[in-house]
Amino acid sequence: MQLKETIGYKTIVTWMAADGRQPFAFQEEAWQYILEGRSGLVNAPTGCGKTFSVFLGAVIDFINRHPDDYRTRGGNGLQLLWISPLRALAKDIGRAMEEVLAGLGMRWQVGTRNGDTDPAERARQKRKMPEVLIITPESLHLLLAQKNYPEVFKVLKVVAVDEWHELLGSKRGVQVELALARILGTRGGSGVSIIGISATIGNLEQAGEVLLASMHRGEGGFIVRAVIHKPIEVESIFPDEIEKYPWSGHLGLKLIHKVIPIIMSSRTTLIFINTRGMSETWYQSLLNICPDLAGAIALHHGSIDMELRTWVEEALHEGKLKAVVCTASLDLGVDFRPVETVIQVGSPKGVARFLQRAGRSGHQPGQVSKIWFLPTHSLELMEAAALKSAMQEGLIESREPMLLSFDVLIQFLSTLAISDGFYADELFRELKQTYCYSEMTEEEWREILHFITEGGEALHQYDEYRKVELMEGGLYKINSRRVAMRHRLHIGTIVSEPMLKVRWVSGGYVGVIEEYFISRMEPGETFTLAGRNLELVMIKDMTVLVRKSNARKSRVPSWNGGRMPLSANLGMMLRRKLDEAGLMLRAMLEGEEPVVDIELRVLQPLFELQAALSYMPRENELLIEQIETRDGYHLFVYPFEGRLVHEAMAALLAYRMSRITPISFSFAMNDYGFELLSDQPIPLDDANVYELFSPDNLTADIQRSVNSAEMARRKFRDIAVIGGLIFQGYPGEYAKARHLQSSAGLLFNVFAEYDPNNLLIRQAYNEVMEQQMEEQRLRNMLERVSRGQMVLRWPKQLTPFCFPLKVDSMREDLSSEKLEDRVRRMQAQLR
DNA sequence: GACCTGCTGCGGCTTG
């Protein structure tokens, strides 16, 4: 349009120049679209001003509309709604926005709205909304739970969804879809544009589609892609003698001494560890081998008290700390706090996550990002090579949007019912426009309405499940204040394990611990949290009281976190690297000097042993090893598809073989493969192997092979909580795990008996198939395998590939010391 | 329902 001529553009460019900022081409492109009132997605690497560009777009638009008085106006109503997945980010972004506005001499107010917004501020916002409101998806739904909420959006121009890639693929993303549909609904679908901000993902187009599904169709959204190439350097940390490095394990402490010089030679370092428990161990070990680091390093993970974490972030930022050992808790949120060096310990499981972490260093345009990779076992070194190639080829994972999440919908309906209520037909049309619910049938819709008003087939006898009233005139409404209040307490889709707070006897919080873990400890025993050894004094008022302990022995807690399997992209790349390694061995036999990744070269002795004892599979081959030991008959398979697929595959294979001959197995699996162990010979050979791995009848066979009812029962807990079927108690109240589990179990039974087709039960089964079994990926794998070659081998002894699986399956029977001894003996025998 | 390596993220209290 007339961007260049307006006062707004000139003002802003002048202002940016004075501030030493350079406008990027993609920013101007984004501004242009926003000025035209279009919707779309802005994609750029972190740290080059995505946020800035979208914010300025909205500002320029306003200036253009009010060129004469933009400096003096106030009380314009909500112009820009900024949705952010992190409340911690809200403050940072708000401050940055205020700075920009001050620079432009604009009188806009920036407000935040999330869990810690003080009630007085909320009341003020009710009277007068700031021009910019930064909000989380959950708080946005709380806003929709307020009477007269459409008033809030009356003059809204732009909704920005920050970090959309983080929300997409989760139920929080569905919440955003629902809120957007409703906001557009209040405006008759016009006058508001939606701008998503996203890092690069494999399905960017689809991400845009999901976000904009509720916009009037026909007009495709724009996608602005910043072509800013960020050089990334990956350097592996090698053991001195690869022959002596462990073949299994996940901790990686054997290489800790190589980390010290890296920390020392760098101003600030982040050390990413995969789990909270292991990060505690790493922190302690760093201090043990290098006491000089005391006071200069810190620990950061999701179960450490927020105050402490904030302090760590600040101290790192100010250069008071040299290094922080952390989990994914530092993946996001420190956008404005770059570090010099990043170390990744163990597999990052996916290309996108690795890229993200690498990007934490050299976080300025033009700088090189550098990341060190520390393998926790020998074979893991291959991942460094795979990650490098995957990054070069831009093989970033996709985020699959969720479909038909009825639990989130049921929650949403209650949200609307406690504010202004809704009319069924009108809302149905609106929902059908969202991506998540576009396939919802009228029958399902009627079932949902029946469920929220009458408790459905199974629960109609219980008053507490008849929440919503159908009023005269067709309005669905919740009139009970009690129900409304309870509902407000339960808005959100994140369901966590029951945790207890950990507090010093003398006051001050340390963090949180799982009820399950602490329930098995006695007063006087010691555990580790936030890098400290703590003696359990007592459990009182839902709080674990502790004092400092000098005990040498301390238990490191385990938290029951999510299990992130190796991504499909990284798995594919690993198979390719294995292929390259095989070619390397062959070429070297011919006396050539092949050019390969240094990691593969270092692993050469291991690969040679694998080739000698068994086989090095090509990319289109699936290696199956059968080995007899005194433990029994083992079958090892290596699809490199991540542990969830392997788990399902192991069960499937066991089931299919048991149809040939009655046989029972025990399983073990990791991200590279799985093991079946039996006390009788395993009926798998060249004649039947293709049939056993056939994709035919997959769904039916899977359902027969696993205890899907039990898995669905567990999934159902979260669904029941999100759908509002289980009241978890008032804030701070100790929600007993057993209570939660049993009420979910009870409900599941009631449904199974009286209403087995209930759509929440169906959803539980679907989630098991999609998330637990990764059915699509399993199917892809079987199809790939059936197109390729199966290679069966009968090694005389354990191979480098099967070793970690074998160790895993032994773990249950042996104490950790005994296990370590035995592993050492086993590995020595092989050399 | 357990821990076999298993992350992160949010929200909320009433009352005549």
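Naming: A, B, ... by sequence-line order, numbering from 1 per chain. Basis for what follows: all heavy atoms, side chains included, without hydrogens, waters or symmetry-related copies.
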Participant: Considering just the side-chain nitrogens and oxygens of A/Arg276, establish if one lies under 4.0 Å of OP1 or OP2 belonging to B/dT8.
Facilitator: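 Checking A/Arg276 against B/dT8: at least one side-chain N or O falls below 4.0 Å of OP1 or OP2.
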Participant: Any side-chain N or O of A/Thr136 below 4.0 angstrom from OP1/OP2 of B/dG11?
Facilitator: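 The answer is yes; a side-chain N or O of A/Thr136 sits under 4.0 Å from OP1 or OP2.
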Participant: For B/dG6, does OP1 or OP2 lie under 4.0 Å from any side-chain N or O of A/Arg643?
Facilitator: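 No, no such contact exists.
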Participant: Less than 4.0 angstrom between a side-chain N/O of A/Ser496 and OP1 or OP2 of B/dC10, yes or no?
Facilitator: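 No, no such contact exists.
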Participant: From C-beta outward on A/Glu710, which listed nucleotide comes closest to its side chain: B/dC7, B/dA2, B/dG1?
Facilitator: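 Closest nucleotide to the A/Glu710 side chain: B/dG1.
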Participant: Does A/Ser139 put a side-chain nitrogen or oxygen below 4.0 Å from OP1 or OP2 of B/dG11?
Facilitator: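 Yes, within the criterion.
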Participant: Check this for me, if you would: do A/Asp331 and A/Arg360 make a salt bridge, where the nitrogen-to-carboxylate-oxygen distance has to be below 4.0 angstrom?
Facilitator: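 No salt bridge links A/Asp331 with A/Arg360.
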Participant: Compare the minimum distances between each of B/dC7, B/dC13, B/dC3 and the side chain of A/Met564, then state the nucleotide with the smallest one.
Facilitator: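 Closest nucleotide to the A/Met564 side chain: B/dC7.
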Participant: Could you please spell out the steps behind the salt bridge (charged side-chain N to carboxylate O under 4.0 Å, His left out) verdict for A/Glu383 and A/Lys349?
Facilitator: CA-CA 9 Å; A/Glu383 292 200 29; A/Lys349 311 282 184 184; over 6 Å; no
Participant: Counting any heavy atom closer than 4.0 Å, what does A/Thr275 reach on the DNA or RNA strands: base, sugar-phosphate only, or nothing?
Facilitator: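 If one applies the 4.0 Å heavy-atom cut-off, A/Thr275 turns out to touch a base.
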Participant: So for A/Arg520 and B/dC3, does any side-chain atom that can act as donor or acceptor lie under 3.5 Å from a complementary atom in the base?
Facilitator: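 For A/Arg520, whose side chain was compared with the base of B/dC3, there is a donor-acceptor pair (under 3.5 Å).
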Participant: Under 4.0 Å: is that the gap between some side-chain N or O of A/Arg113 and OP1 or OP2 of B/dC10?
Facilitator: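 For B/dC10, OP1/OP2 do not have a side-chain N/O of A/Arg113 under 4.0 Å.
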Participant: Please confirm whether the shortest side-chain N or O distance from A/Arg481 to OP1 or OP2 of B/dT14 is below 4.0 Å.
Facilitator: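 For A/Arg481, the contact criterion (side-chain N or O under 4.0 Å from OP1 or OP2 of B/dT14) is not met.
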Participant: Begin with the C-alpha distance, continue with both residues' side-chain angles, and end with the deciding distance and a verdict on ring-ring contact (aromatic ring centres under 6.0 Å, His included) for A/Tyr638 and A/Tyr672.
Facilitator: CA-CA 6 Å; A/Tyr638 311 101; A/Tyr672 296 170; 9.0 Å; no
Participant: Let's see if you can work this out: which of B/dA2, B/dC10, B/dC13 has an atom nearest to the side-chain heavy atoms of A/Leu86?
Facilitator: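 Output: B/dC10.
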Participant: Among B/dC4, B/dG6, B/dA2, find the nucleotide with the atom closest to the side chain of A/Asn560.
Facilitator: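 Among the listed nucleotides, the one closest to the side chain of A/Asn560 is B/dA2.
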Participant: Between the base of B/dG1 and the side chain of A/Glu497, is there any donor-acceptor pair under 3.5 Å?
Facilitator: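 Yes.
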Participant: I'd like to know if the side chain of A/Thr415 and the backbone of A/Gln411 have a donor-acceptor N/O pair within less than 3.5 Å.
Facilitator: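 Confirmed, A/Thr415 side chain pairs with A/Gln411 backbone.
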Participant: Distance check needed: B/dG9 P versus A/Asp116 CG, whole Å only.
Facilitator: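 Value for this atom pair: 14 Å.
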Participant: Between B/dG6 and B/dA2, how far apart are the two C1' atoms, rounded to whole Å?
Facilitator: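 14 Å, rounded to whole Å.
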Participant: Under the criterion of centre distance below 5.5 Å and interplanar angle below 30°, is A/Trp559 classified as stacked on the base of B/dG6?
Facilitator: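 Aromatic stack with B/dG6 absent for A/Trp559.
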Participant: Report yes or no: does A/His646 contribute a side-chain atom to a donor-acceptor pair with the main-chain N or O of A/Glu641 at less than 3.5 Å?
Facilitator: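 At least one qualifying donor-acceptor pair exists.
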